[in-house]
Amino acid sequence: MMNGSTGRRSGGSGRVRAASAALCLFAGALTATAAGASPAAALTPPVSITADDLTTWQTNGIVWSMAATDGVVYAGGTFSTVRPPDAAAGTSEEPAVNFAAFDAATGAPTGCSLSFTLSSGTATVRALALSPDGGTLYAGGQFGAVNGVGVSNIAAVDTATCTPRQDFKISVSATVRALDVTADTVYLAGDFNSVGGQTRNKFAAVTTGADLLPWTANADEVARAVQVTPDGQHVALGGDFFTVNGTTSHALAVVDATTGALTTSYPGFIPNTSTVQDLTTDATGLYTANEGTGGGVFDGRIAIDLDDYQQRWRDTCLGATQAVLVHSGVLYSGSHAHDCASMGGFPDQPRKHLLAQSVDDPTLLPWFPDTNDGIGEPVGPRVMAQTDKGGRHYLWVGGEFTTVNGAGQQGLTRFADGPDTGAPWVPNVSLSTVAPGRIDVNWQTSFDTDDGELTYRIYKDGASTPVHTVTGYSLAWDRPQLKWTDTDVAVGETHSYRITASDGTNTSAKSPAQSATVAASTQGYPARVLSDGASLYWRYDEGSSTFAADTTGGLNNGFLRNAPAYRQTPAAIAGDSTAIGFDGAGEYAYSNKLHASPTRFSVETWIKTTTTRGGKVIGFGNLTMQNSTRYDKQVYMANNGRLVFGVYSGGYRTVTTTGAYNDGNWHHVVATQGTGGMALYVDGQLRAANFLYTGNENYPGYWRVGGDNLNSWPNRPTSNFFAGQIDETAVYPIALSASQVSAHYALRTGE
């Protein structure tokens, strides 16, 4: 794996951390609404690179290495042709044998053509690095000739003429995977055990004239990254190794730049199941890209202070990080991250292949362009490089991907520091009229691929001027609910509302108009739910969106997955608007917020079904985008229509109704746990209880409605997912009393 270090130095922006002005914090805190504050974003450096990909030529294979300087980007890998943007594979192709050079500003080939070949087997260019003056491009990999000139896995190219240098010849016994270059030294990393006929295990150094240096940093396993520190005194090493010069130091080590002597070792610092795939630096830090396999892996990134070579931070995302690059105080990385929940990021979401973090903090920043995994050994992005041209800064990404931001694009893509052309998603809106003389306008915050803080404008009754403006912070996996209450209304009036989201440059379309009529009196059932202390209350009155609005002040909204059937009538409560329908195959809802495990709780909902396959009605699980691996505090229906309430407390603890409730009628279901044990109520009556079990499994999780895992639970139904209608779901931080439950049921007529 090539580290692209020279490309990162291009224009002086790669190694030197931006001045303090570039690290300025977003100004101000997020504006609070009258009904609740928008979740505050952590103060972070701005991400200057947009998420909008630019038109770029493509390869027909994997790009493993890149280097960039003075507006030219060099790419190496395992490919044989390049083709224009939007051209389908196999069309409009031009020869490019494992190497191509591109104009950073246009994405088109420059005309510099080199062919890296091997007499037998598959040639590949795994490392590219430029001399500090940009005059020489060094290439490493597995190849035996460049433009027919014989070499041995390493070569030097004169960039002015795009021709191999005849005076740089040295034999390397196996693949070169990484290079870094100073004014007089070329450092190599790879699979080799011999350089210039002398023993050099995995790492070596030669002069820029190809003379082997006595520098020795022998490792016992494959080397994948090598990085000279900004002061030139040390060299950081990365790879699969467990020892360097006979001393234990797994995957990472720092050695003397002149002798190769080990200066900082890292025994036990990185798990034995993980490796270092890439390294980069800025003025004060060293940053690692890590990949692991098996249990207990470490797949994220580490920031290390250069003054003492100790850890500044590490993240714990899962997803095989391959490349890291620093620009203006932001660490960009390529991976196929799929779970960052352990560090406060996204949980089990679809893979995100490009991420950004502050060099001072591992918190994920709002920058989410994306690729797919692609071909070969699918990870997606494999390498990054950067350079300036025409007053713009360009970030190039290479790898094995075949799509970028959802459109076909193979092997290469690029981004720049403007213009920003992507608008936020259209907000999802829901109206509530629980209380008289007011309309509550609730909406799910939007998502923008390169801005976390968005501005929302509410338009009333078709007006062109907004009646309310507010800001809110959101990410793809965390889209909090916002709320504004319109009190400039009169009983009996009907009003409509639309909302836009803006990133300051681009504004979404207005949301579809939603209308509501101002109530003359308080609605009895929802008012009682709220007065009894519900901390989550989904009424399912939305239409065609991913949003389950929370009626409580906690704004604990839900995501609706896989398009359940909206606006089902009649609803469970007389005078209520609508219910929602789940198909029993994969439709469900989950809470936007991650919750601590409750020690006491109540779950309440209404169900209507004729299913004979059962399914989970409501429960608590640790995952959102797939079936949970930890799950309890749940109510599910068995195949025979009986309802089961279960928690896990040293074993599966369940209570089950004697009657069946799959008769096609609406039924009120409440399950509670507290100091009095477990209780399950249906239609206002206690149907099953166990006073012995007052505890449940302790783990953070999400409330899920309509489906989740039920593996190993007693009377497990055929389906994990519930087929039927659900309405008026509420969760409480207390165990409701029998009198409270019966009172709720008695209000079913809307009185």
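The first residue in the sequence is number 1, and the count goes up from there. What you see below is based on every heavy atom in this structure, not just the backbone, and it leaves out hydrogens, waters and symmetry mates.
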Among side-chain atoms of [X] and [Y], is any donor-acceptor pair under 3.5 angstrom?
{"X": "D52", "Y": "T421", "result": "yes"}
{"X": "D632", "Y": "Y699", "result": "yes"}
{"X": "Q673", "Y": "K633", "result": "no"}
{"X": "T729", "Y": "T605", "result": "yes"}
{"X": "N405", "Y": "D53", "result": "yes"}

(request) Output yes when R561 and E587 qualify as a salt bridge under the 4.0 Å nitrogen-oxygen rule, no when they do not. (result) no
Kindly say whether the aromatic ring centers of [X] and [Y] come within a distance under 6.0 Å.
{"X": "W477", "Y": "F368", "value": "yes"}
{"X": "Y588", "Y": "F722", "value": "no"}
{"X": "W703", "Y": "Y590", "value": "no"}

Could you tell me the separation between the [atom1] atom of [X] and the [atom2] atom of [Y], rounded to the nearest 0.5 Å?
{"X": "D348", "Y": "C340", "atom1": "CG", "atom2": "SG", "value": "11.5 Å"}
{"X": "W443", "Y": "Q514", "atom1": "CH2", "atom2": "CD", "value": "13.5 Å"}
{"X": "T578", "Y": "D541", "atom1": "OG1", "atom2": "CG", "value": "4.5 Å"}
{"X": "D315", "Y": "D361", "atom1": "CG", "atom2": "CG", "value": "10.5 Å"}
{"X": "Y456", "Y": "T471", "atom1": "OH", "atom2": "OG1", "value": "9.0 Å"}
{"X": "W313", "Y": "L331", "atom1": "CH2", "atom2": "CG", "value": "5.0 Å"}

Does [X] reach the main-chain N or O of [Y] with its side chain, forming a donor-acceptor pair under 3.5 Å?
{"X": "S597", "Y": "E697", "answer": "yes"}
{"X": "S719", "Y": "G584", "answer": "yes"}
{"X": "Q357", "Y": "P362", "answer": "yes"}
{"X": "T657", "Y": "L643", "answer": "yes"}
{"X": "R498", "Y": "S511", "answer": "yes"}
{"X": "N662", "Y": "T611", "answer": "yes"}
{"X": "R704", "Y": "G707", "answer": "yes"}
{"X": "N709", "Y": "T629", "answer": "no"}
{"X": "S602", "Y": "L736", "answer": "yes"}
{"X": "S502", "Y": "G504", "answer": "yes"}

Can you confirm whether [X] sits close enough to [Y] that some side-chain heavy atom of one is under 4.5 Å from a side-chain heavy atom of the other?
{"X": "R392", "Y": "L54", "result": "yes"}
{"X": "L355", "Y": "F346", "result": "yes"}
{"X": "Q481", "Y": "N556", "result": "no"}
{"X": "V603", "Y": "Q634", "result": "no"}
{"X": "L530", "Y": "T552", "result": "yes"}
{"X": "H595", "Y": "V731", "result": "no"}
{"X": "W606", "Y": "Q725", "result": "no"}
{"X": "T445", "Y": "L454", "result": "no"}

[X] and [Y]: which non-hydrogen atoms are nearest, and at how many Å?
{"X": "W425", "Y": "S508", "value": "O-CB, 3.9 Å"}
{"X": "P570", "Y": "K608", "value": "CD-NZ, 4.3 Å"}
{"X": "L354", "Y": "T371", "value": "CD1-CG2, 4.3 Å"}
{"X": "D450", "Y": "D448", "value": "OD1-OD2, 2.8 Å"}
{"X": "G674", "Y": "R600", "value": "CA-CB, 3.9 Å"}
{"X": "V47", "Y": "V330", "value": "CA-CG2, 4.5 Å"}

(request) Apply the test side-chain hydrogen bond (donor to acceptor under 3.5 Å, both in side chains) to residues E542 and S430: give CA-CA distance (whole Å), side-chain angles for both, the deciding distance (0.1 Å), then the verdict. (result) CA-CA 6 Å; E542 299 74 27; S430 178; 3.1 Å; yes
(request) Please step through side-chain contact (heavy atoms from CB on, under 4.5 Å) for the pair N557 and L555, ending with a clear verdict. (result) CA-CA 6 Å; N557 63 296; L555 305 180; 5.7 Å; no
(request) Give me the one residue out of H353, R351, K352 that meets side chain to side chain donor-acceptor pair (under 3.5 Å) with D370. (result) H353
(request) Name the orientation class of the two ring planes belonging to H744 and H668 (parallel below 30°, tilted from 30 to 60°, perpendicular beyond 60°). (result) tilted
(message) Around atom CG of D461, are there more than 12 heavy atoms from other residues, nucleotides or ligands closer than 6.0 Å?
(response) yes
(message) Evaluate I580 against F582 for side-chain contact (heavy atoms from CB on, under 4.5 Å), listing each step before the verdict.
(response) CA-CA 7 Å; I580 194 165; F582 296 100; 3.6 Å; yes
(request) Could you give me the CA-CA distance, side-chain angles and deciding distance for R539 and E728, then say whether side-chain contact (heavy atoms from CB on, under 4.5 Å) is met? (result) CA-CA 5 Å; R539 306 197 67 201; E728 304 291 325; 3.2 Å; yes
(request) Can you sort out the partners of F547 under ring-ring contact (aromatic ring centres under 6.0 Å, His included), two or more places apart, ordered by chain and number? (result) none
(request) State which residues pass salt bridge (Lys or Arg N to Asp or Glu O under 4.0 Å) with D440; sequence neighbours excluded, sorted by chain then number. (result) R438, K483
(request) Determine, stepwise, if the pair T694 / T675 fulfils side-chain hydrogen bond (donor to acceptor under 3.5 Å, both in side chains). (result) CA-CA 6 Å; T694 59; T675 56; over 6 Å; no
(message) Please determine whether side-chain hydrogen bond (donor to acceptor under 3.5 Å, both in side chains) holds for the pair H327 and D417, giving the CA-CA distance in whole Å, both sets of side-chain angles, and the decisive distance to 0.1 Å.
(response) CA-CA 11 Å; H327 172 64; D417 51 4; 5.4 Å; no
(request) Could you please spell out the steps behind the side-chain contact (heavy atoms from CB on, under 4.5 Å) verdict for N562 and F721? (result) CA-CA 12 Å; N562 301 322; F721 294 86; over 6 Å; no
(message) Using side-chain hydrogen bond (donor to acceptor under 3.5 Å, both in side chains), reason through S628 and D708 one step at a time and then give a plain yes or no.
(response) CA-CA 6 Å; S628 296; D708 199 359; 2.8 Å; yes
